[in-house]
Amino acid sequence: MAKMKPKKLNITLALITAGILIIWGWSYQMSTTIKASLPWEIYDNGLYLSGLLSIAFMSVTMMLATRPAWLETPFNGLDQIYRLHKWAGILAVIFALSHWLIEMGDDLVKALFGRAGRLPDQDFSGFTHMMREAAEGIGEWGVYLVFAMLILTLWKRFPYNLWHSVHRAMPLIYLALVFHAVWLAPLVWWQQPTGWLMGLLLAGGSFASVLSIKGLIGKSRRVQGSITSISTSTMGITEVKCQLEHPWKGHRAGQFAFVTFEPSEGAHPFTIASSDHGNGQITFHIKGLGDYTRQLGYRLTIGDPVTVEGPYGQFNFKQRKHNAAQVWIAGGIGVTPFLAWLEALQNQREDSLEAELHYSTHDGATDPFVKRLQAACIGLSGIQLQIHDSSQGHKLTAEQLLTQHPKAKAMEVWFCGPSSWANTLEKKLRENLQGSLSFRQEAFELR
């Protein structure tokens, strides 16, 4: 699952922010209402703009959470959509906190500049007054809850199954904040582009929330099946083979799926470790990284039901430039998509494809993937397999790659392994490679 580059991610978020600001500025220029004095004008606009940005990014977050497969091509994979989802959510919370702090600063502005120059509050009574008071209370508690949700999401030690259960409350929190936004937004907004934009975003976010509450996200891509084989290696990696029922439409090597072994645990994203044979058979290699995955080999039995949702992802070995050096790099469980690639090449030979496959391991003598890779490369003359055994002092570096390709005009790197290692390699290659570099990283995270 290719990680969205910070530059591309920042540009996307900046474009969303710029679009909202342009619409808001357009509406501000259209407004014919009497303006308050400068301090109160700044206060009021800061309050409303922060609220608009918060609910807008929250709406974007909710819509991206529906796993929109039709956006995979322009965004280059669902993994990148989820990364955008995560950072849009972080920005939503930041703007929500700003909105709350500005609201709490009302007394400070009064103390500094006095009440004079502030426009009088609109006079609401009866049912409308009651609903606005309720909206204010809900909004305050909503800020507390989304901030707590963000802390739990960023706190990696918090158990995934508990986080998954808590995270399911997010659609309800969002709908409560929609109530807050609708009742407390300035009435004039609904006659301006700002209100029209907010209405569209609230409608999209509310629809996404209802889909989530009803458990309909990804339902059309879910397929039932059963476990046919389970084995666990000394490296703590569990291999699970499944037989899926109709209508599994197959997958491309390098794609992933959301897999549910136990409904109480929820779905986890795992890269598919086998190529597609058209018979519904599918394999996953699962590294024991958390409490649940470490016990998976003992909790599952042959014949157990499984639900697989997918496939998703755009991580494939299609060559972008014909003259580019192809470099595949895997570390540990990151070898999974490359095993699927090699199997696909064995089934459908591409003699013109030439690539270096670098696999890094802590102990090549006991690592079962070493022999699997060696066997998978037999007959593939264009694939050069290189094993880097850290127990023998061998470690793949950017300098080594540059030495092997001293005259490369372009290099395409496909990476799946530790993020820190990826960042180091990419930085060194970009600093020293004479030609262009395309660096695709497999680094899927739901949190």
Worksheet item: Around Lys287, counting heavy atoms of other residues, nucleotides and ligands shown, do more than 12 lie under 6.0 Å from its NZ?
Response: yes
Discussion item. Tell me if the OH atom of Tyr144 is crowded by more than 12 foreign heavy atoms within 6.0 Å.
Written reply: yes
Discussion item. If only side-chain N and O atoms count, and only distance matters, is there a donor-acceptor pair under 3.5 Å linking His246 with Gln224?
Written reply: no
Discussion item. For Trp421 versus Leu396, what's the shortest heavy-atom pair and its separation?
Written reply: NE1-O, 3.5 Å
Discussion item. Are more than 12 heavy atoms, taken from residues, nucleotides or ligands other than His277, located less than 6.0 Å from that residue's NE2 atom?
Written reply: yes
Item to complete: Please say whether more than 12 non-hydrogen atoms of neighbouring residues, nucleotides or ligands are located less than 6.0 Å from CH2 in Trp141.
Response: no
Worksheet item: Using the ring of each side chain (for Trp, its six-membered ring), is Phe270 parallel, tilted or perpendicular to His268, with breaks at 30° and 60°?
Response: parallel
Worksheet item: Has the side chain of Ser27 got a donor or acceptor atom that lies under 3.5 Å from a matching backbone atom of Thr194?
Response: yes
Practice prompt. May I ask you to test the Ile227-Thr301 pair for a side-chain heavy-atom distance under 4.5 Å?
Written response: no
Practice prompt. Applying side chain to side chain contact (heavy atoms under 4.5 Å, CB included), run through Met63 and Leu201 and close with a yes or a no.
Written response: CA-CA 9 Å; Met63 288 186 281; Leu201 289 171; 3.9 Å; yes
Fill in: Contact summary for Pro171 and Ile213, nearest pair of heavy atoms
CB-CG1, 3.7 Å
Worksheet item: Should Val308 and Phe258 count as side-chain neighbours, where that means a heavy-atom distance under 4.5 Å?
Response: no
Response to the item:
What one should report as the nearest heavy-atom pair of Ala208 and Thr66 is CB-CG2, 3.5 Å
Fill in: Minimum heavy-atom distance between Gly364 and Ser391, given as atom pair plus value
N-OG, 4.5 Å
Discussion item. Ring-plane angle category for Phe95 and Phe57, please: parallel below 30°, perpendicular beyond 60°, tilted otherwise.
Written reply: parallel
Worksheet item: Looking at CD1 of Ile282 and OG1 of Thr228, how far apart are the two atoms once the value is rounded to the nearest 0.5 Å?
Response: 11.0 Å
Worksheet item: Given the side-chain rings of Trp40 and Phe113, with only the six-membered ring counted for Trp, is the space between their centroids under 6.0 Å?
Response: no
Item to complete: State, without any angle test, whether Glu133 and His129 hold a side-chain donor-acceptor pair at a distance under 3.5 Å.
Response: yes
Fill in: Whether over 12 other heavy atoms sit under 6.0 Å from Phe147 CZ
no
Fill in: Note, Thr283 side chain near Ile272 side chain (heavy atom, < 4.5 Å)
no
Discussion item. Looking only at the side chains, is there a donor atom on one of Arg67 and Tyr82 sitting less than 3.5 Å from an acceptor on the other?
Written reply: yes
Item to complete: State whether a side-chain donor-acceptor pair under 3.5 Å links Gln404 with Gln386.
Response: yes
Discussion item. Could you walk me through whether Ile329 and Trp414 satisfy the side chain to side chain contact (heavy atoms under 4.5 Å, CB included) test, starting with their C-alpha distance in whole Å, then the side-chain angles of each, then the deciding distance to 0.1 Å, before giving a yes or no?
Written reply: CA-CA 6 Å; Ile329 304 174; Trp414 302 85; over 6 Å; no
Practice prompt. Would you sort out whether Glu265 and Thr260 count as a side chain to side chain contact (heavy atoms under 4.5 Å, CB included), showing the intermediate values?
Written response: CA-CA 8 Å; Glu265 176 66 21; Thr260 303; over 6 Å; no
Fill in: Partners meeting ring pair (Phe, Tyr, Trp, His ring centres under 6.0 Å) with His358 (sequence neighbours left out)
His388
Worksheet item: Is the closest basic N to carboxylate O distance between Arg430 and Glu426 below 4.0 Å?
Response: yes
Discussion item. Less than 4.5 Å apart, side chain to side chain, heavy atoms only: is that true for Phe256 and Pro311?
Written reply: no
Worksheet item: Which atom pair, heavy atoms only, marks the closest approach of His180 to Gly139?
Response: ND1-CA, 3.4 Å
Worksheet item: Are the side chain of Arg132 and the backbone N or O of Trp183 linked by a donor-acceptor pair below 3.5 Å?
Response: yes
Worksheet item: Which of these, Thr232, Thr293, Leu300, sits in a side chain to side chain contact (heavy atoms under 4.5 Å, CB included) with Thr238?
Response: Thr232
Worksheet item: Does a donor on one side chain and an acceptor on the other come within less than 3.5 Å for Tyr174 and Ser59?
Response: yes
Worksheet item: Is there a side-chain contact between Ile20 and Leu53 (heavy atoms, below 4.5 Å)?
Response: yes
Discussion item. Are Trp328 and Trp341, when compared by the centres of their aromatic rings, separated by less than 6.0 Å?
Written reply: yes
Worksheet item: Hey, does Leu342 have a side-chain heavy atom less than 4.5 Å from the side chain of Cys377?
Response: yes
Discussion item. A side-chain contact here means heavy atoms from C-beta on lying under 4.5 Å apart; do Trp24 and Trp189 qualify?
Written reply: yes
Worksheet item: Are Tyr28 and Asn45 close enough that some pair of their side-chain heavy atoms sits under 4.5 Å apart?
Response: yes
Practice prompt. Before accepting this row, confirm whether a basic side-chain N of the pair Arg440/Glu412 lies closer than 4.0 Å to the acidic partner's carboxylate O.
Written response: no
Discussion item. We want to know whether Asn76 and Glu72 form a side-chain donor-acceptor pair, criterion being a heavy-atom distance below 3.5 angstrom.
Written reply: no
Discussion item. So which atom in Val166 and which in Met149 form the shortest heavy-atom distance, rounded to 0.1 Å?
Written reply: O-CE, 3.5 Å
